[in-house]
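The structure under discussion appears below in the form of structure tokens.
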2 protein chains.
Amino acid sequence: MQNDDATRAPRHRVLIIGGGFGGLSAARALARAPVDVTLVDRRNHHLFQPLLYQVATAGLSAPSIAAPLRFILREQANAFVYMDEALEIDRTRRVVRFAHGEREYDTLIVATGAGHAYFGHDEWEKYAPGLKTLEDAFHIRRRILLAFENAERETDPVKRQAWLNFVIVGGGATGVELSGTLAEIARHTLPREFRNSEPRNANILLVEAGPRVLPAFDQDLSEKARKQLAKLGVQVRTGQAVTSIDAHGVELGEERLVARTVLWAAGVAASPLGALLGVPLDRAGRVQVNPDLTIPDDPHVFVIGDLASVSTDGKPVPGVAPAAKQMGAYAGEVIADRVQGKLPRAPFRYKDDGSLATIGRMAAVAQFGKVKLSGIVAWWVWLIAHVYFLIGFRNRLVVLMDWASSYWTYQRHARIVQGAISRDDPPR
Amino acid sequence: MQNDDATRAPRHRVLIIGGGFGGLSAARALARAPVDVTLVDRRNHHLFQPLLYQVATAGLSAPSIAAPLRFILREQANAFVYMDEALEIDRTRRVVRFAHGEREYDTLIVATGAGHAYFGHDEWEKYAPGLKTLEDAFHIRRRILLAFENAERETDPVKRQAWLNFVIVGGGATGVELSGTLAEIARHTLPREFRNSEPRNANILLVEAGPRVLPAFDQDLSEKARKQLAKLGVQVRTGQAVTSIDAHGVELGEERLVARTVLWAAGVAASPLGALLGVPLDRAGRVQVNPDLTIPDDPHVFVIGDLASVSTDGKPVPGVAPAAKQMGAYAGEVIADRVQGKLPRAPFRYKDDGSLATIGRMAAVAQFGKVKLSGIVAWWVWLIAHVYFLIGFRNRLVVLMDWASSYWTYQRHARIVQGAISRDDPPR
């Protein structure tokens with residue numbers, strides 16, 4: 001299963017598992033190094049996760065925020081891309097076993113990120129889907145659109161309202177984005193199209209267990225976000241934890257909220273690949289790495305991105321895209337230095353470039369050190385930053401076009417439910 | 001389950017099953033009639049099937065060729081849209097039973113079209129997917145893209161070539177479009193991105209049991225289509241029927257062709273809903289309708305589109321989009337006339353506006369009565385006609401943009417494989 005170009009002398013082999021922000025940035029950092037880079041992912045595409053909520057809410061189509069990994073790396077002659085699933089890591093033999101064969105490495109970079117966590121309640125997943133992959137986004141899109149379809153078909157007013165009640169669990173960036181956009185859909189996109197039901201009667205409820213939404217931001221911006229959500233029509237409950245979820249609603253301790261659609265934006269769990277390394281994990285399942293992002297006692301293995309637990313300047317590095325990119329670039333540079341016999345680098349240091357979260361139509365918050373923005377100005381900064389970081393000219397153009405048209409017409413062009421409705425739709 | 005607007009006097013209720021070209025056109029023809037129109041489809045969208053092969057070959061994303069039915073009919077105040085699956089038709093009680101409840105009708109229009117047919121070999125479907133729905137298109141896209149991924153990962157040259165061999169069964173419009181586009185992908189889109197395998201080594205084989213490709217066109221245009229296919233790199237075999245299909249290839253009588261990817265574009269079968277009407281069907285399962293598109297002995301039920309078997313001017317009406325649209329409009333007008341007490345119309349008459357089939361990059365054939373076109377001129381006519389008939393300004397713009405960019409760059413932006421690869425990918 002090795003690269004079968006027999007004409008070259010053997011070179012240092014860097015194997016990267018995961019083509020997210022971390023893995024891709026590591027591969028790119030090695031472009032000019034005298035190494036062979038092999039990037040393996042279970043999927044064929046890199047996903048621009050910060051805009052995934054737009055696919056889930058029918059504003060963007062999937063190809064606008066995803067690009068094939070081998071397309072992205074096509075000009076990098078030392079990069080090989082394979083689609084495969086890692087099953088086992090043998091650090092003694094320096095071999096990774098994949099579903100379709102083994103691959104040897106000289107240096108391994110594990111960058112498989114994180115998935116959802118249901119705090120020990122995996123049975124909630126069926127009723128409250130989370131948002132990490134394109135398939136998750138399609139599933140959530142289907143659930144949202146079918147809820148309005150079911151309300152239109154339902155003749156019992158109580159049952160109909162249950163289809164128009166939405167609960168979003170988790171007040172971080174994803175929960176805020178989903179609930180704000182959902183409110184816009186219910187109030188502006190759908191109303192004229194329904195005859196029996198009234199989408200404007202939808203209740204969008206955002207539940208956060210902690211004391212405020214967007215806890216990664218300063219207190220005053222959380223308060224502003226809450227106000228902007230209220231203006232969009234989202235009810236926010238903070239300090240209340242969900243204790244139960246089923247097909248008909250959620251429970252917050254003693255209180256029961258009836259809602260046929262519940263979306264999960266509360267917890268993340270590190271990729272199970274971390275546990276295959278046989279090194280200490282933190283409570284969230286992340287690998288506690290050395291200051292140079294290698295794992296304890298094995299300088300040949302790096303862990304980066306959301307799967308890595310590391311602190312710089314005394315603060316834990318957050319699980320966000322810029323941190324994963326910085327870790328990937330750092331790991332790539334350390335490996336390039338080593339192969340070229342240079343002195344070891346200083347430890348990894350996270351540079352906080354600021355935080356942005358969008359809330360809905362022309363509403364967002366932004367924090368860059370001491371500079372804080374909210375409302376329409378923050379929204380423009382958010383838009384420009386996100387379009388800038390998208391891969392590919394076509395995508396930037398189409399996303400801008402979709403945004404402009406969605407702004408003027410309130411329409412969302414990707415309102416396509418995949419698959420036919422069935423007798424078991426919705427799940428009972 | 002009736003429309004619960006209790007303030008209006010009861011009106012003639014027209015129930016339409018199926019939101020394709022036929023059903024939608026019937027609904028629109030009833031816009032100004034004093035009737036209630038209820039359109040029910042298992043899916044939430046109308047699909048522009050003539051461009052479905054572009055989704056299957058990663059040139060367009062799904063929302064470019066699909067639009068929610070209730071969005072299309074939003075301005076038509078007498079139209080109600082529901083997402084549901086028809087299970088049973090009771091013509092005595094004039095009731096249709098759906099998965100989520102019953103609906104009464106005064107007049108019923110059945111417009112559920114056709115699916116694939118495997119000529120009694122349903123076991124072939126697993127190995128040779130057909131192309132009728134968006135899910136079919138995603139499945140075929142996945143199969144095509146994974147074939148090249150598997151070739152890149154494969155080290156055995158014989159097994160690798162098997163992944164680069166593609167057989168398309170059926171030389172009608174869909175088979176010609178799929179094979180021409182696949183040849184372009186292999187020769188122009190992918191080459192620079194692979195390191196171990198050579199996409200240019202792909203063999204694209206189009207197999208047609210009849211004597212020529214595009215049998216709906218005149219002989220000389222079939223010959224021109226064959227030459228254009230050959231120029232694009234597609235091998236065409238006519239007069240050879242597939243006798244067996246499995247995971248590793250197809251058999252044409254004594255001859256075995258090794259190919260890990262087989263696509264089905266050979267046969268269609270009428271929707272099973274026709275059989276629920278309890279009237280005579282033709283060999284393809286279509287309902288033999290009266291000259292006014294009603295079924296024998298029941299003037300309250302119309303069957304239109306691909307599910308209807310009817311001849312006009314002594315020739316069978318073909319199963320194409322313009323025919324379905326014309327039947328839908330006719331049925332709508334007959335119903336409007338009846339409700340308003342007008343005299344019966346003349347029988348349905350199919351007006352042949354000509355035929356168009358695209359073959360690949362700047363290659364197509366067209367036939368309008370005695371006017372025949374081929375090559376680049378036919379391709380432009382094809383392009384303009386298809387963009388014109390697409391629903392929505394945004395879609396027209398984006399499709400044109402995608403075509404222009406695909407022409408200049410040879411890129412196809414929708415090369416996204418949904419879902420992760422697994423141990424059982426490909427099916428064994």
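Order of the sequence lines sets the chain letters (A, B, ...), proteins ahead of strands, with each chain counted from 1.
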Show, in sequence, the C-alpha distance, side-chain angles and deciding distance for His100(B) and Glu149(A), and conclude whether the side chain to side chain contact (heavy atoms under 4.5 Å, CB included) test is met. CA-CA 12 Å; His100(B) 295 274; Glu149(A) 293 294 330; over 6 Å; no

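- For Glu152(B), the parts lying under 4.5 angstrom from a heavy atom of chain A are both the backbone and the side chain.
- Only the side chain of Leu134(B) comes within less than 4.5 Å of a heavy atom of chain A; its backbone N, CA, C and O stay farther away.
- Atoms CG and CZ, from Asp36(B) and Arg195(A) in turn, are 10.5 Å apart once rounded to the nearest 0.5 Å.
- The side chain to side chain donor-acceptor pair (under 3.5 Å) test applied to His116(B) returns Asp136(B), not counting sequence neighbours.
- Contact of Phe194(A) with chain B is made through backbone and side chain together, with heavy-atom distances under 4.5 Å.
- At a 4.5 Å heavy-atom cutoff, the contact between Leu73(A) and chain B is made by backbone atoms alone.
- The parts of His413(A) that come within reach of chain B are both its backbone and its side chain, each placing non-hydrogen atoms under 4.5 angstrom from that chain.
- The structure places CZ of Arg153(B) at 8.0 Å from CZ of Arg103(A), a figure rounded to the nearest 0.5 Å.
- With rounding to the nearest 0.5 angstrom, the CD1 atom of Ile421(B) is 13.0 Å from the OH atom of Tyr82(A).
- Identified by a heavy-atom distance below 4.5 Å to chain A, the contributing residues of residues 184-193 of chain B are Arg192(B), Glu193(B), in residue-number order.
- Looking only at heavy-atom pairs under 4.5 Å with chain B, the residue among Met83(A), Gln76(A), Arg74(A) that has the most is Met83(A).
- Between Ile416(A) and Ala67(B), the shortest heavy-atom contact is CD1-N, 4.0 Å.
- Of residues 399-408 of chain A, those residues lying under 4.5 Å from chain B by any heavy-atom pair are Met401(A), Asp402(A).
- Open room surrounds CZ on Arg42(A); 12 or fewer heavy atoms of other groups in view lie less than 6.0 Å from it.
- Residues of residues 53-65 of chain B lying under 4.5 angstrom from chain A, judged on non-hydrogen atoms, are Ser61(B), Pro63(B) by number.
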